[in-house]
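First comes the structure, then the notes that go with it.
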There are 2 protein chains.
Amino acid sequence: MPARTTSAESADMPVPQRLLAVATRLFAERGYDRTSVQEIVEAAGVTKGALYHYFGSKDDLLHEVYARMLRLQQQRLDAVADSDAPVEERLRTAAADVVVTTIENLDDAMIFFRSMHQLSPEKYKQVRAERRRYHERFRALVEEGQRSGVFSSATPADLVVDYHFGSVHHLSTWYRADGPLTPQQVADHLADLLLRALRP
Amino acid sequence: MPARTTSAESADMPVPQRLLAVATRLFAERGYDRTSVQEIVEAAGVTKGALYHYFGSKDDLLHEVYARMLRLQQQRLDAVADSDAPVEERLRTAAADVVVTTIENLDDAMIFFRSMHQLSPEKYKQVRAERRRYHERFRALVEEGQRSGVFSSATPADLVVDYHFGSVHHLSTWYRADGPLTPQQVADHLADLLLRALRP
DNA sequence: CCCGACATACCGACTGGTTAGTCTGCCCCT
DNA sequence: AGGGGCAGACTAACCAGTCGGTATGTCGGG
């Protein structure tokens, strides 16, 4: 048993998942470019043969991380946006939710915002498109509130959304699990800042 | 005259500056790891000998970009924070100013937030330390306003600052020079959002 | 006024090491 | 007995950094 691996990425997990879990961690720690395929397979306790048996390329591994993250967040946003609570509450919930899920998957988020441009051009395009869909759904909430007068229209909805997601990206830079605030507390604060900025 | 280069990075600029300008552009376009020293020297119209005559390593080139950016922004923040305008106005000016200078040096900013972790450990530490100094100066403004009651204390100053700088980081992802808003307009909007979020 | 000594600026071939991805084949399960 | 799951050696392409060499310039002394 060489080079200790973290908790659940050990021997009992099926090889494909194990590879993905290890790759996620290493990409987050060292970055995509600086992580060699050799390092990944060693940490997963297999060889290159296994990796290329399940994945077409190193790039595929990265893409999987994105697909997983995008699926999760889009799903959760849709659920919130489709509810029939007042728009104020829907936005607050959505804004806080994306913060919590980002913190809970901080490795994925780190990779997302730091290594996105290292995807192959076509996969990059695809990820951008899905990202935009998410973004637009969120913006629709802001616009709805602005039209109905619940939110101030002083700032274009686009900018408001970019403002908020900027802080979400930024989370992986400063949030520490051993810090004083729980994910939920951070989320509540950030959602609160957004809603306060939007007060008429 | 091979491979057209952009405007001012051409033959009349002294070699060291030219190398730095070209490297900045390429790092922003393709990322640090994916830009080879060979590509840099070719685009600058010199050879490796020249590059290693002026710079100790590829890493040095990256560090220069950071040093330039940090110097500029710290200088501007200090000037604003030291003025004797009301804290509300000082914060608004500082918040808008960092947005404008970030947009005006979008390549540098892109590199900053995407390639920082590719610096050698000691240079990385140094950059982080200077960055923290900047951050703290900014936070002091928020805290001052909170103590004097001009700003709401609902959110810890730390979080407020991270919220705002998140959006600044994010700028290089979405801001386009050919978009509808001028840098100053974006800056005013973002500063406004910050100040509005801080209303008591 | 010229000559040699030394320096600065740069060239470009080379090296040692690393990398993603391939291929052949073994092993085990069905 | 046949195929999925994997091992591990191999290859071809790079890459950062080095090094000996050259061209141009500068300066002091005879």
Review point. Roughly, in whole Å, what's the span from CG in B/L51 to P in D/dG17?
Key: 9 Å
Exercise for review: Could you state the atom-to-atom distance from CG of A/L62 to C1' of C/dA20 in whole Å?
Suggested key: 15 Å
Check your understanding: Whole Å only: how far is the CZ atom of A/R30 from the C1' atom of C/dT19?
Key -> 15 Å
Point to revise | Protein-nucleotide distance (A/R34, atom CZ; C/dT18, atom P), rounded to Å | key: 14 Å
**Study point:** Between A/R68 and A/T24: side-chain donor-acceptor atoms closer than 3.5 Å
**Key:** yes
Exercise for review: Ignoring hydrogens and angles, tell me if any N or O in the side chain of B/R139 forms a donor-acceptor pair with the backbone of B/D158 under 3.5 Å.
Suggested key: no
Review point. D/dA9 P sits how many Å from A/Q38 CD, rounded?
Key: 10 Å
Dump every N/O contact between nucleotides 9-12 of chain C and the protein below 3.5 Å, one line per pair.
{"unit_1": "C/dA9", "atom_1": "OP2", "unit_2": "B/H53", "atom_2": "NE2", "d": "3.1"}
{"unit_1": "C/dC10", "atom_1": "OP2", "unit_2": "B/Y54", "atom_2": "OH", "d": "2.1"}
{"unit_1": "C/dC11", "atom_1": "OP2", "unit_2": "B/T47", "atom_2": "N", "d": "2.8"}
{"unit_1": "C/dC11", "atom_1": "OP2", "unit_2": "B/T47", "atom_2": "OG1", "d": "2.8"}
{"unit_1": "C/dC11", "atom_1": "O5'", "unit_2": "B/T47", "atom_2": "OG1", "d": "3.2"}

Practice item. Please check if any side-chain donor atom of A/H170 sits under 3.5 Å from a side-chain acceptor atom of B/Y163, or the reverse. Key: no
**Study point:** CZ (A/R199) with more than 12 external heavy atoms under 6.0 Å
**Key:** yes
Review point. So, the side chain of B/Y134 versus the backbone of B/L70: is there a donor-acceptor pair under 3.5 Å, distance only?
Key: no
Exercise for review: Using whole Å, report how far CG of B/D33 lies from C1' of C/dT19.
Suggested key: 12 Å
Exercise for review: Compare the minimum distances between each of D/dA16, C/dT19, C/dT22 and the side chain of B/K58, then state the nucleotide with the smallest one.
Suggested key: D/dA16
Review point. Distance-only, no hydrogens or angles: does the B/Q146 side chain make a donor-acceptor pair with backbone N or O of B/T155 under 3.5 Å?
Key: yes
Exercise for review: Specify the separation, in whole Å, of atom CD of B/E39 and atom P of D/dA16.
Suggested key: 8 Å
Exercise for review: Specify the separation, in whole Å, of atom CG of A/L19 and atom P of C/dA20.
Suggested key: 14 Å
